[in-house]
Novice: 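Sending over a structure as structure tokens; questions will come in a sec.
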Amino acid sequence: MIQSLSTEVRMIKGVGPQRAELLAQRGIRTLEDLLGYLPFRYEDRIHFSKVKDIQPNGTYTLRVRVMSGQAVRTMRGRDAIYHLLVQDDSGGLLPCKFFHGGYLEGRLKPGQLLILHGKAEVDKLRPARLEMVNPQIEVLSSEEMDSTEVGRIVPIYEAIGTFGSRQIRRAMYAAVQLIDRTMPDVLPEGLRARLGYPSRGDALIHTHFPDPGESLDALNTFRSPAQQRLIFEEFFLYQLSLALDRRATRKENAIAFRVREDAVREALKRILPFKPTAAQKRVLAEIAADLEKPAPMNRLLQGDVGSGKTIIALQAAVIAIENGTQAALMAPTEILAVQHFLSARRILANGGYRVELLISGLKSAEKNAALERIRSGEAQLVIGTHALIEDNVEFERLGFVAIDEQHRFGVLQRKRLMDKAAAHGHAPHVLVLTATPIPRTLSLTLYGDLDVSVLDELPPGRTPITTRMTSEPHLPGVWEFLRREVAAGHQAYVVYPVIEESKLELKAAMEEYERLSREVFPKLKLGLLHGRLSSEEKEEVMQRFRKNEAQILVATTVVEVGVDVPNATVMVIEHAERFGLSQLHQLRGRIGRGAEKSHCILVAPVRMTDEARARLETMVRTSNGFEIAETDLLLRGPGEFFGTRQSGDMGFHIANPIRDRELLELARREAFTLAEDPAQQDTMQRILRQLPAEWQRRYHLARIG
Ligand code: ADP
Ligand code: MG
């Protein structure tokens, strides 16, 4: 009998060496890791729905038998639609359609028992009939009411490669049997009892295999007591790491910069290309006050798109350089890194500072030369992408670090850049910039180790952007409008969701670029920008656009963050219904950066979902980033408000900072109380000692003694 939580997964029934390999790629190596792989939804397979009872737009779980199945090639011959006809005990027949379903051919046989889960829809050709399109499907392995497949509330897992949900469930069933109910609990007993949570073992068992009486709705909204406990635990450990980090940072040494000296003030004045806004002055003062201290700054700068965050980062960099250290600025995309590099070089030229660019697209000789200049200290401000945090990058003396568009990076990446300074025995001052305006309480909780500054004022002379919605039949009018804007000396973006014609028949940037150049704007110069271009190609296109050698830039969302070409006054977003609200807001942030009136035109089909319409209407109604973020939260609810990278890096398996906001706040209070209470240091040490190495890594707890 295997007992220990560190038992290797391949020892578990239903896993074996091959699947263990797949799991290992996902970082799942032990029984404990496997138990941490949680269901993303649940199906009631005790009370199946009946085919004859289903209604349009309802979601159902059905137990049915295959009557017939057939793959039909589509006209383009590339892919097949699989037509399946099934019947349930009630005698009801239900047709199903699987797009890209060629793989099902030969796999489903008449008479087989299936579980289907999906939404009933009206068959467009025969409106009297209901059908399911691409339902989730599980072939039952026998007629028996096997305990993992039916006759219970069944957990559904995301497949891992070829390791499907059903097989994972079986392995998990075996794994759960191995849980010793007395397994160690990271939550202190007193806390657990006070909050009324089940033990860790019980919580895991019931999250994987809920009792029949559990509410399906509670489970699918992650509100069962077992799930709540696991969510709390993740937040608690994360917050504990923030609390400890904060404590440790307070003790760390940073270089205390001189900022009041005349030389520094002069230097700052010399580089300023414009008169700073009152908000910019206030924020710079907040930063300067941090930089003067011998403890490292850890500050988040929040400011809506176009509020002028870049110059603040550059000013802080100048302070660092004037104090004899190097500064680094990390950006999430090459386009943005290059843009920062060009403007920093232009702005800092007045001070004679040496600026270096480091992106992965550099040729190897150039890159080595750059690395050498960074190592020797010749490079004073280094601007780059993720390339900055690679192992081969060494600084001579790094004193200040800025991270632009922080929401695109994770906590880990921030720490890795900070570690580049640790080699010299001091911690760097850190400034992270973000335009993702999250509510203040939430930002304090998520970035709990950071102080927050807010830029709540746009630079003067901006004319508000006009946003309107239109549909495809009106595109000729839109193009006519673009022609007039270009004739007035302005430039425009036209953004598409994908770069090649996809099966969803979205317009593709590439194809549209061809068409627009040839048929619509034969007299204008167009540029095409998308993610598959090489660094050099991207830069060449951007350069032409910046210099107004191209008047219209056809692009994918690569222009989403940070791009700053003030002469561009029009943003046309095609298939706007496909974009999320924050994405639309970021895209719109590319215009309205100069004094000229700017226009954002959202092109969407006449028919779209209510949610898509609500998003677009929000865009038309307001351009206030905070208001948009709040609406986004409401519309998406528990959805992915934060990119997966962010929560992925935090290592959350089940917790979702938005959906579980209240638990997050609770966990924060509990964790900070514990960490800061001298009487509870023993308890805390006990928690830390109990954590598996993987968790220590996940929550960055390793460096805390
Ligand atoms: P974001 O906050 O979105 O990163 P940027 O730093 O790119 O904004 O600034 C947006 C534009 O506004 C840039 O063209 C920048 O040069 C300009 N800008 C920033 N601050 C001022 C100011 N105080 N006065 C005039 N223009 C400014
Ligand atoms: Mg920016």
Side-chain angles (χ1 to χ4, degrees), residues 268-285 287 299-318 329-350 381 383-385 402-409 431-438 452-465 490-491 493 542 545-548 557-569 571 582-596 598 600 623-626 628-629:
L268 285 178
K269 222 177 274 160
R270 210 173 323 127
I271 64 154
L272 261 189
F274 35 62
K275 198 167 156 298
T277 62
Q280 283 170 324
K281 276 192 204 153
R282 189 193 66 234
V283 169
L284 184 67
I287 291 170
R299 191 167 280 279
L300 172 72
L301 171 53
Q302 255 190 34
D304 209 347
V305 286
S307 59
K309 296 182 289 293
T310 316
I311 189 69
I312 293 179
L314 293 180
Q315 284 181 306
V318 164
L329 168 59
M330 183 159 75
T333 65
E334 280 189 3
I335 294 173
L336 188 49
V338 172
Q339 174 185 296
H340 282 331
F341 171 70
L342 294 174
S343 59
R345 217 174 39 180
R346 182 163 31 83
I347 291 172
L348 300 192
N350 296 332
L381 169 60
I383 298 180
T385 53
I403 298 171
D404 196 17
E405 307 290 351
Q406 150 78 19
H407 64 286
R408 292 297 198 90
F409 292 105
L431 180 67
V432 299
L433 316 176
T434 184
T436 305
I438 48 179
V452 181
S453 289
V454 180
L455 265 190
D456 48 8
E457 181 188 353
L458 291 180
R462 299 267 173 93
T463 321
I465 303 173
H490 304 155
Q491 290 167 275
Y493 298 92
M542 277 312 296
F545 190 62
R546 253 179 237 125
K547 291 187 186 147
N548 199 356
T557 50
V558 288
V559 295
E560 182 182 328
V561 289
V563 169
D564 183 46
V565 180
N567 191 46
T569 56
M571 165 66 64
S582 354
Q583 220 177 3
L584 289 170
H585 180 61
Q586 280 280 356
L587 282 170
R588 181 171 56 186
R590 296 315 111 222
I591 55 169
R593 297 181 151 249
E596 302 291 340
S598 287
C600 176
S623 50
N624 179 312
F626 278 84
I628 286 174

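All of these numbers come straight from a predicted model, not from anything done at the bench. Each ligand, and each atom within it, is numbered from 1 in the order the structure gives.
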Novice: Within the structure provided, determine whether P273 and N350 are in side-chain contact (heavy-atom separation under 4.5 Å).
Specialist: no

Novice: Is there a side-chain contact between I591 and T569, using heavy atoms and a 4.5 Å cut-off?
Specialist: no

Novice: Ignoring hydrogens, what is the shortest heavy-atom contact between A313 and A402? Give both atom names and the distance.
Specialist: CB-CB, 4.2 Å

Novice: With a 4.5 Å heavy-atom cut-off, do R282 and D456 have their side chains touching?
Specialist: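 Yes, close enough: below the 4.5 Å cut-off.
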
Novice: Give every pair made of an N or O atom of ligand 1 and a protein N or O atom lying under 3.5 Å apart, one pair per line with both atom names and the distance to 0.1 Å, or write 'none'.
Specialist:
from	atom 1	to	atom 2	distance (Å)
ligand 1	2 (O)	S307	N	3.4
ligand 1	2 (O)	G308	N	3.0
ligand 1	2 (O)	K309	N	3.0
ligand 1	2 (O)	K309	NZ	2.7
ligand 1	3 (O)	G306	N	2.6
ligand 1	3 (O)	R593	NH2	3.1
ligand 1	6 (O)	K309	N	3.2
ligand 1	6 (O)	T310	N	3.0
ligand 1	6 (O)	T310	OG1	2.6
ligand 1	7 (O)	R593	NH1	3.1
ligand 1	8 (O)	G308	N	3.3
ligand 1	12 (O)	R462	NH2	2.7
ligand 1	14 (O)	D564	OD1	3.2
ligand 1	14 (O)	D564	OD2	2.7
ligand 1	20 (N)	Q280	NE2	3.0
ligand 1	23 (N)	K275	O	2.9
ligand 1	23 (N)	Q280	OE1	2.8

Novice: Under 4.5 Å between any side-chain heavy atoms of V563 and Q339, yes or no?
Specialist: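 V563 reaches Q339 side chain to side chain.
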
Novice: Is there a side-chain contact between R299 and L301 (heavy atoms, below 4.5 Å)?
Specialist: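 Side chain of R299 against side chain of L301, heavy atoms only: no contact under 4.5 Å found.
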
